[in-house]
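Report on the following structure.
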Amino acid sequence: MFKNLFKKTPLEIYAPVNGRVIPIEEVPDPVFSQKMMGEGIAIMPSNGGIHSPVEGTIIQVAPTKHAVGILAKDGTEILIHIGLETVALEGEGFTVRVNEGDRVSLGQLLIEVDWEYIGTHASSTVTPMVITNSHDGNKQYTFTEEKEGIQGQTVMITASGK
(Lines give C-alpha, C1' and ligand atoms only; values in the text may rest on other atoms or scores of the structure.)
Protein backbone atom coordinates (compact mmCIF):
# COMPACT_ATOMS: atom_id res chain seq x y z
CA MET A 1 0.00 0.00 0.00
CA PHE A 2 2.79 2.44 0.88
CA LYS A 3 5.11 1.24 -1.90
CA ASN A 4 4.21 4.08 -4.28
CA LEU A 5 3.91 6.72 -1.58
CA PHE A 6 7.63 7.54 -1.63
CA LYS A 7 8.20 7.11 -5.36
CA LYS A 8 9.68 10.26 -6.81
CA THR A 9 7.80 11.75 -9.70
CA PRO A 10 9.98 12.22 -12.77
CA LEU A 11 11.32 15.71 -13.50
CA GLU A 12 9.98 17.18 -16.72
CA ILE A 13 12.31 19.67 -18.40
CA TYR A 14 10.50 21.89 -20.88
CA ALA A 15 11.62 23.72 -24.02
CA PRO A 16 13.36 26.96 -22.99
CA VAL A 17 12.57 28.60 -26.35
CA ASN A 18 10.50 27.93 -29.48
CA GLY A 19 12.26 26.09 -32.27
CA ARG A 20 13.29 22.91 -34.03
CA VAL A 21 14.39 20.07 -31.74
CA ILE A 22 17.82 18.57 -32.49
CA PRO A 23 19.42 15.48 -30.92
CA ILE A 24 22.53 16.47 -28.93
CA GLU A 25 24.61 14.17 -31.15
CA GLU A 26 23.85 16.47 -34.12
CA VAL A 27 25.11 19.68 -32.48
CA PRO A 28 28.11 20.87 -34.56
CA ASP A 29 30.42 21.11 -31.53
CA PRO A 30 32.14 18.01 -30.07
CA VAL A 31 31.86 19.29 -26.48
CA PHE A 32 28.10 18.84 -26.81
CA SER A 33 27.74 16.13 -29.49
CA GLN A 34 30.13 13.79 -27.67
CA LYS A 35 28.32 14.50 -24.37
CA MET A 36 31.48 15.75 -22.64
CA MET A 37 29.33 18.05 -20.50
CA GLY A 38 26.55 15.50 -20.07
CA GLU A 39 23.36 14.15 -21.59
CA GLY A 40 21.10 16.63 -23.32
CA ILE A 41 19.16 17.86 -26.28
CA ALA A 42 19.30 21.01 -28.39
CA ILE A 43 16.94 23.41 -30.08
CA MET A 44 17.35 25.65 -33.12
CA PRO A 45 15.49 28.74 -31.87
CA SER A 46 12.89 30.38 -34.07
CA ASN A 47 11.99 33.31 -31.81
CA GLY A 48 11.71 34.50 -28.22
CA GLY A 49 13.98 34.66 -25.22
CA ILE A 50 15.35 31.87 -23.05
CA HIS A 51 12.91 30.82 -20.33
CA SER A 52 13.36 28.52 -17.37
CA PRO A 53 12.64 24.91 -18.35
CA VAL A 54 11.95 23.96 -14.70
CA GLU A 55 11.23 25.39 -11.29
CA GLY A 56 14.55 25.84 -9.50
CA THR A 57 17.44 28.10 -8.54
CA ILE A 58 19.91 29.94 -10.78
CA ILE A 59 23.35 28.52 -9.96
CA GLN A 60 25.34 30.17 -12.74
CA VAL A 61 25.12 33.08 -15.15
CA ALA A 62 28.11 33.21 -17.48
CA PRO A 63 29.96 36.54 -17.30
CA THR A 64 29.57 36.68 -21.09
CA LYS A 65 25.79 36.18 -20.70
CA HIS A 66 25.66 33.29 -23.21
CA ALA A 67 24.81 30.53 -20.72
CA VAL A 68 22.78 29.96 -17.59
CA GLY A 69 22.77 27.10 -15.09
CA ILE A 70 19.72 26.01 -13.10
CA LEU A 71 19.46 23.61 -10.17
CA ALA A 72 16.09 21.86 -10.29
CA LYS A 73 14.34 20.90 -7.06
CA ASP A 74 15.37 17.23 -7.48
CA GLY A 75 19.08 18.09 -7.77
CA THR A 76 19.29 17.98 -11.58
CA GLU A 77 21.75 20.60 -12.89
CA ILE A 78 20.70 22.07 -16.24
CA LEU A 79 22.93 24.22 -18.43
CA ILE A 80 21.39 26.19 -21.28
CA HIS A 81 24.14 27.30 -23.69
CA ILE A 82 22.79 29.91 -26.11
CA GLY A 83 24.32 29.43 -29.55
CA LEU A 84 27.79 28.13 -30.41
CA GLU A 85 30.99 30.17 -30.16
CA THR A 86 28.93 32.85 -28.39
CA VAL A 87 31.42 33.36 -25.56
CA ALA A 88 33.42 35.46 -28.07
CA LEU A 89 30.51 37.93 -28.30
CA GLU A 90 31.38 39.13 -24.78
CA GLY A 91 27.73 39.57 -23.81
CA GLU A 92 26.59 41.41 -26.95
CA GLY A 93 23.14 40.26 -28.05
CA PHE A 94 22.09 39.06 -24.58
CA THR A 95 20.14 40.78 -21.79
CA VAL A 96 20.16 38.74 -18.58
CA ARG A 97 17.03 39.01 -16.42
CA VAL A 98 18.15 36.84 -13.46
CA ASN A 99 21.04 36.60 -11.00
CA GLU A 100 22.80 33.72 -9.30
CA GLY A 101 20.75 32.58 -6.31
CA ASP A 102 17.40 33.66 -7.77
CA ARG A 103 14.55 31.17 -7.45
CA VAL A 104 12.81 30.80 -10.80
CA SER A 105 9.52 29.32 -11.89
CA LEU A 106 8.80 27.29 -15.00
CA GLY A 107 8.51 29.62 -17.99
CA GLN A 108 10.15 32.62 -16.32
CA LEU A 109 12.23 34.76 -18.71
CA LEU A 110 15.94 34.27 -17.99
CA ILE A 111 17.72 35.92 -20.92
CA GLU A 112 16.49 38.07 -23.79
CA VAL A 113 18.31 37.19 -27.00
CA ASP A 114 18.87 39.16 -30.20
CA TRP A 115 18.77 36.13 -32.51
CA GLU A 116 19.56 38.20 -35.59
CA TYR A 117 22.78 39.46 -33.96
CA ILE A 118 23.71 35.98 -32.72
CA GLY A 119 22.99 34.48 -36.15
CA THR A 120 25.29 37.00 -37.80
CA HIS A 121 28.15 37.02 -35.27
CA ALA A 122 28.27 33.47 -33.85
CA SER A 123 28.90 30.15 -35.60
CA SER A 124 25.34 28.96 -34.87
CA THR A 125 22.19 29.81 -32.92
CA VAL A 126 21.67 26.15 -31.95
CA THR A 127 21.06 26.08 -28.20
CA PRO A 128 22.08 22.94 -26.28
CA MET A 129 20.38 22.13 -22.98
CA VAL A 130 22.61 19.77 -21.00
CA ILE A 131 22.27 17.88 -17.71
CA THR A 132 25.73 18.64 -16.31
CA ASN A 133 25.47 16.09 -13.50
CA SER A 134 24.08 13.28 -15.69
CA HIS A 135 27.37 11.35 -15.45
CA ASP A 136 26.73 10.58 -11.77
CA GLY A 137 24.36 7.81 -12.90
CA ASN A 138 21.53 8.51 -10.45
CA LYS A 139 18.89 9.13 -13.11
CA GLN A 140 17.66 7.89 -16.45
CA TYR A 141 16.88 10.41 -19.19
CA THR A 142 14.24 10.20 -21.88
CA PHE A 143 14.26 12.70 -24.74
CA THR A 144 11.31 13.98 -26.75
CA GLU A 145 10.51 12.58 -30.16
CA GLU A 146 8.89 15.91 -31.09
CA LYS A 147 10.46 17.80 -34.00
CA GLU A 148 9.27 21.24 -32.86
CA GLY A 149 9.61 22.58 -29.34
CA ILE A 150 7.20 25.11 -27.87
CA GLN A 151 8.58 27.11 -24.95
CA GLY A 152 7.01 26.01 -21.69
CA GLN A 153 4.79 23.38 -23.36
CA THR A 154 7.01 20.72 -24.96
CA VAL A 155 8.68 18.35 -22.50
CA MET A 156 12.20 18.00 -23.91
CA ILE A 157 13.76 15.75 -21.26
CA THR A 158 12.25 13.53 -18.57
CA ALA A 159 14.61 12.64 -15.71
CA SER A 160 13.59 9.74 -13.50
CA GLY A 161 15.33 8.12 -10.57
CA LYS A 162 16.78 4.65 -10.96
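Nothing here was measured: the structure is a model prediction, and the numbers come from that model. Each residue takes its place number in the sequence, starting with 1.
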>> Among residues at least two apart in sequence or on other chains, which ones pass salt bridge (Lys or Arg N to Asp or Glu O under 4.0 Å) with E55?
In response: K73

> By side-chain hydrogen bond (donor to acceptor under 3.5 Å, both in side chains), which residues pair with Q153, not counting sequence neighbours?
Replying inline: none

> How about Q60: does its CD atom have over 12 heavy atoms from other parts shown lying under 6.0 Å from it?
Replying inline: yes

Does [X] reach the main-chain N or O of [Y] with its side chain, forming a donor-acceptor pair under 3.5 Å?
X: D102; Y: V104; answer: no
X: H135; Y: G137; answer: no
X: T86; Y: I82; answer: yes
X: S134; Y: G38; answer: no
X: N133; Y: G75; answer: yes
X: T142; Y: Q140; answer: no
X: E26; Y: P23; answer: no

>> As a test of understanding, state which of H66, H81, K65 forms a side-chain contact (heavy atoms from CB on, under 4.5 Å) with V87.
In response: H66

>> With heavy-atom distances below 4.5 Å as the criterion, would you say the side chains of F94 and V113 are in contact?
In response: yes

>> Looking at E25 and K35, is any side-chain nitrogen of the basic one under 4.0 Å from a carboxylate oxygen of the acidic one?
In response: yes

>> Quick check on the hydrophobic clustering: are I131 and L71 connected, directly or via other members, by side-chain heavy-atom contacts under 4.5 Å?
In response: no

